[in-house]
Amino acid sequence: MNKIIEIQNLVKQFNGVNAVNGLSFSVEKGEFFGLLGPNGAGKTTTIRMLYGYSPPTSGMLRVFGMDISTDSRKIKSRIGVCQQDNTLDPDLSVEQNLLVFAGYFSIPKKEAVERSEELLDFFALSHKKDAKVMELSGGMVRRLILARSLINRPELLILDEPTTGLDPQSRHQVWEKLGELKKSGLTVVITTHYMEEATQLCDRLVIVDHGNILVDGSPERLIEQYAGRHIVEIEGPDQDLIEYLKNHDVEYDDLGKRLILYDPERKGMNSAIRSQYCNEKCIYRNSTLEDVFLRLTGRELRE
Amino acid sequence: MINPALFSWRFLNVWKRNLVVYKKIWKVNFLTPLFEPLFYILAFGLGFSGLIRKVHYDGVELSYTGFIAPALIATAVMWNAFFETTYASFVRMYFQKTFDGMLATPLSLEEIIIAEIAWSATKSAGAATIMLLVLGLMGFIHFPMGLLLIPMAFFGGLAFGAIGMFFTGITPTIDMFNLPIFLFITPMFLFSGTFFPVSNLPAWAQPVALAFPLYHLAELARLFSIGTCEVSPLISIGYLTVFIIFFTFLALIAMRKRLIQ
Ligand SMILES: Nc1ncnc2c1ncn2[C@@H]1O[C@H](COP(=O)(O)OP(=O)(O)O)[C@@H](O)[C@H]1O
Ligand SMILES: [Mg+2]
């Protein structure tokens, strides 16, 4: 039991409104921990409190067993942060971004040069060493931000939407690198809107909405528990089907033109439904974290 | 209100960042302090010499160009530092999110702000050094005492950098800097005993001019250039010291209020 992060009843208020509404969770050493939730759920606000950018309104927040309000400098020297916004320094070249950032951690020049070479190599950026930040593609920018967040050899890496806005190739490349970091035993906290990313990478995750934790668990367990093993989607359902589902106690979501049936197999109803009710279009597939997410946070737009 | 644990020598790492950026563009930055005094001296020396023969200042008679030459250094100190902590710092803070990035490191916001002010003063000192060379070669500055203009420029830069940073902390958009420039910097540029002695102003306006930080900096500049001044340098140094402390303090509070939410 080696807790890297401990949060209890954490609250953050902006102008009297709770953006974070009493969160409690902890992250163990070596864990890859996901913080999921729709836009405005309070993920970035939580993360900002984690790295001492934003002071909590109330609650307990300990990182490496230290209090963020009194030991923020010690804590910050041991963590790496990828903020949601691009905070690379556009006045500096790619390599200078790493070297100058190393300076903020008071890392000696010689060591900074070694580390930045290593990191540029790891993130396939060596050929762009002297490029201006403005000339980088979206994927390279993200990789450079990641590289920069590792310059102080952090024990905890905090990533706020590291793959948002990237094309699939770049995204998979970032995932691959994050997978390697995970193998090396680094503790990571990540927020993302890509459920596939969370499923692949996270050992454990929480889904938050309106500043509250809805569920907490491993991706597999959450899927099993909240979406079952399989999903049947039926388009253009008729009233008979809905009656049938109600009578047989099958869990479903009614989206009007489409019904989502959660694991009818569990009730041994699969073949009956498929033979009797699949009149227009029927999809039979494995459940995903996305089903869990949408089920728990609802389907209406947030912005 | 101000926690001493938030201040350390780490601010030099932010100062160095600005130096790294400056080194990339120094050739362009070099030109303004080189040519600006030449233009002023030429314009006022040639253009005005027929109109103004001598300036009476501190009981001495000075040529007009001799009167304004030291003040040109003081005004350059003001413009350099004030522009750096207003427009340039605002761009870093707001558009480039440079401070946000720094705040994810062991740096404190206080160190970042102190570094920005110190950097603005460094730029002032750099500009003053070049102007010193130009004006010195033209015979407007007495050496070796004139070398004191360099630390003086840094000191004066702190004053204008601090008040600029304060405006950055409270200004909603970058266009709004027009306001302090129009209401504060421009009047000061013209009425601080820079282009004519304060004694030429109507009696009611003289105390206002004496309250301008640029007046005291121009006084010190004249003292170190040619050895004359109207007000005791101790008063000028004291005034500027209080000014620096006061506005650095206000800048720290304003920036914390603005950025830490
Ligand atoms: N500085 C701030 N001032 C006022 N409200 C804020 C501020 N930062 C965030 N909020 C609000 O807090 C809520 C959570 O925001 P955020 O943590 O950014 O969500 P997420 O990262 O999950 O999308 C939102 O309603 C947002 O508008
Ligand atoms: Mg966010």
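For clarity, every value in this text was computed on a predicted model and none was experimentally measured. Numbers restart at 1 for each chain; the letters A, B, ... are given by sequence-line order, proteins then strands.
- Most heavy-atom pairs under 4.5 Å with chain B: of the set A:Asn152, A:Ile158, A:Leu92, this distinction falls to A:Leu92.
- Taken to the nearest 0.5 Å, the CG atom of B:Leu103 stands 10.0 Å off from the CZ atom of A:Arg48.
- A heavy-atom distance below 4.5 Å is not found between the side chains of A:Thr87 and B:Thr98.
- Here the side chains of B:Val20 and A:Gln96 are in contact, with some heavy-atom distance below 4.5 Å.
- Counting heavy-atom neighbours within 6.0 Å of B:Phe182 CZ, excluding the residue itself, gives a total of 12 or less.
- Shortest non-hydrogen contact noted between A:Asp91 and B:Lys24 is O-NZ, 3.4 Å.
- A:Lys12 and B:Gln261 form no side-chain donor-acceptor contact under 3.5 Å, judged by distance and modelled atom types alone.
- Nearest heavy atom pair, residue B:Asn13 against residue A:Tyr104, reads O-CE2, 3.7 Å.
- Around CZ of B:Phe35, the count of heavy atoms belonging to other residues, nucleotides or ligands within 6.0 Å does not exceed 12.
- A pairwise comparison of heavy atoms in A:Gln83 and B:Ala104 identifies NE2-CB, 4.1 Å as the closest pair.
- Listed for the A:Arg73 side chain is a donor-acceptor partner under 3.5 Å among the backbone atoms of B:Pro106.
- The main-chain N or O of A:Asn86 is never found under 3.5 Å from a side-chain atom of B:Lys97 such that the two would form a donor-acceptor pair.
- The local environment of OH in B:Tyr94 is sparse, with at most 12 non-hydrogen atoms from other residues, nucleotides or ligands closer than 6.0 Å.
- Proximity to chain A (any heavy atom under 4.5 Å) is shown, for B:Ile25, by neither the backbone nor the side chain.
- Only the side chain of A:Asp85 comes within less than 4.5 Å of a heavy atom in chain B; its backbone stays farther off.
- Between chain A and the options B:Gly101, B:Ala5, B:Ser8, heavy-atom pairs under 4.5 Å are most frequent for B:Gly101.
- Minimum heavy-atom separation, A:Phe101 to B:Thr105: CZ-CG2, 3.4 Å.
- Taking CG of B:Leu259 as the reference point, atom OH of A:Tyr53 lies at 5.5 Å (rounded to 0.5 Å).
- Shortest non-hydrogen contact noted between B:Arg17 and A:Val100 is CG-CG1, 3.5 Å.
- For A:Leu88, the part sitting under 4.5 Å from any heavy atom of chain B is the backbone (N, CA, C, O) and nothing else.
- When heavy atoms are compared at a cutoff of 4.5 Å, B:Leu6 approaches chain A solely by way of its backbone atoms N, CA, C and O.
- Contact of the B:Ile260 side chain with the A:Pro55 side chain is registered, since non-hydrogen atoms from C-beta on lie closer than 4.5 Å.
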